[in-house]
Amino acid sequence: MSVLKNDRYLKALLRESVDYTPVWMMRQAGRYLPEYKATRAQAGDFMSLCRNADLACEVTLQPLRRYDLDAAILFSDILTIPDAMGLGLSFGAGEGPKFARPIECKSAVENLPIPDPEEELQYVMNAVRTIRGELKGEVPLIGFSGSPWTLATYMVEGGSSKTFGKIKKMMYSDSKTLHLLLDKLADSITLYLNAQIKAGAQAVMIFDTWGGVLGHREYLDFSLQYMHKIVDGLIRENDGRRVPVTLFTKGGALWLEAIANTGCDAIGLDWTVNLADAKARVGHKVALQGNMDPSVLYASSERIEQEVQSILADFGTGSGHVFNLGHGIHQDVPENAPKVFVNAVHHYSRIYHK
């Protein structure tokens with residue numbers, strides 16, 4: 001593997017000194033760029049794009065050609081594991097994901113296989129290896145997975161949901177079945193992320209997109225407990241370098257201290273959290289990632305720069321901050337807005353790292 005030329009992202013996650021705050025964007029690989037849309041059209045459909053290592057690599061690299069980002073993130077989907085378990089994943093035109101065989105009972109959970117990452121999910125590992133080779137050490141590569149709870153919501157609901165009625169019904173009326181599912185998912189995700197690390201991912205992130213819909217105790221029992229189990233099982237050093245892990249729960253501000261106690265290296269924050277408050281609560285234990293509202297990218301260049309400066313001032317001096325959006329970039333942002341955003345982070349953050 002090539003020597004890493006820009007390791008600011010990895011250093012910041014480990015709260016080591018950097019000369020400016022590193023920045024990348026959630027969902028940066030795809031959707032909002034015209035070249036992505038052309039590549040997806042070439043692939044035929046979304047999952048065909050994910051399964052083609054060369055095209056997944058191309059989509060991963062496209063944003064890096066436009067913007068001075070400090071990390072690349074694997075182009076894939078959080079639902080690869082449920083798909084490999086045989087639930088029949090599909091994406092309809094203009095629709096979200098759908099499963100042909102959602103989980104409805106304990107026997108369905110018991111019959112779920114734990115996928116072999118180098119068999120049923122080999123296409124993901126092939127993409128990781130291809131991307132690492134093409135990056136040539138310019139920036140680190142981030143691997144990722146959905147959290148057990150978030151994957152379970154799709155598997156039980158059969159797709160996207162606004163009320164989460166089916167999985168919450170299972171949680172309150174048949175908690176043993178849900179815990180069995182979450183435990184099996186945690187084992188599967190641990191294998192999956194470790195395989196990504198062995199294939200070349202230099203950091204990993206767990207996306208708990210729907211953890212924030214849970215009650216206080218339920219979040220600890222049905223989401224965080226299983227992310228903690230994954231963190232405990234991850235490879236934390238590879239190729240002579242620490243492999244940082246970031247946990248991101250959308251709507252997770254209530255539980256920052258508990259998340260920090262899992263042993264993760266960093267916590268992702270959405271835009272509802274004040275960065276100064278988060279730093280005061282857990283910044284002595286973990287790095288923080290975030291947390292600009294993605295909708296700011298609809299604003300003028302001056303307004304984007306103003307928001308960047310405000311968030312940098314909230315965090316203040318020192319390392320331990322990776323600048324990011326508080327969730328994924330929107331599909332219809334102006335093409336130049338991410339450039340303004342990234343350049344502003346690099347320019348205005350230097351005064352905090354002298």
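A quick note: this is a predicted structure, and the numbers were derived from the prediction, not measured. We count residues from 1, following the sequence as given.
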Pair listing, side-chain hydrogen bond (donor to acceptor under 3.5 Å, both in side chains) test, anchored in residues 43-71, at least two apart: Asn6-Asp70, Tyr20-Asp70, Glu35-Arg66, Thr39-Gln62, Asp45-Ser48, Arg51-Asp83, Glu58-Gln62, Glu58-Arg65, Arg66-Glu335, Asp68-His346, Asp70-His346
Under a single-linkage definition using a 4.5 Å side-chain heavy-atom cutoff for Ile, Leu, Val, Met, Phe, Trp and Tyr, are Leu14 and Val282 assigned to the same hydrophobic cluster? no
Just by distance, no angles: are the side chains of Thr249 and Tyr219 close enough, under 3.5 Å, to form a donor-acceptor pair? yes
Hey, any chance Leu191 and Met155 share a hydrophobic cluster, counting ILVMFWY side chains that come within less than 4.5 Å of each other, even indirectly? no
So side-chain hydrogen bond (donor to acceptor under 3.5 Å, both in side chains) across residues 310-324, not counting sequence neighbours, yields none
Could you tell me if the ring centre of Phe164 sits under 6.0 Å from that of Trp210? yes
Are Phe323 and Tyr9 near enough that their ring centres are under 6.0 Å apart? no
If the threshold is 4.0 Å, N to carboxylate O, is there a salt bridge linking Arg242 and Glu237? no
Linking I/L/V/M/F/W/Y whenever any side-chain heavy atoms sit under 4.5 Å apart, do Phe207 and Val124 land together? yes
In the single-linkage hydrophobic clustering (I, L, V, M, F, W, Y; side-chain heavy atoms under 4.5 Å), do Ile114 and Tyr154 co-cluster? no
Could you tell me whether Asp19 and Lys354 make a salt bridge, using a distance below 4.0 angstrom between a side-chain N and a carboxylate O? no
Minimal non-hydrogen separation, Val18 against Ala12, with atom names: CG1-N, 4.2 Å
Arg236 and Asp265 ion-paired at < 4.0 Å: yes
Residue Lys169 excluded, over 12 heavy atoms near NZ under 6.0 Å: no
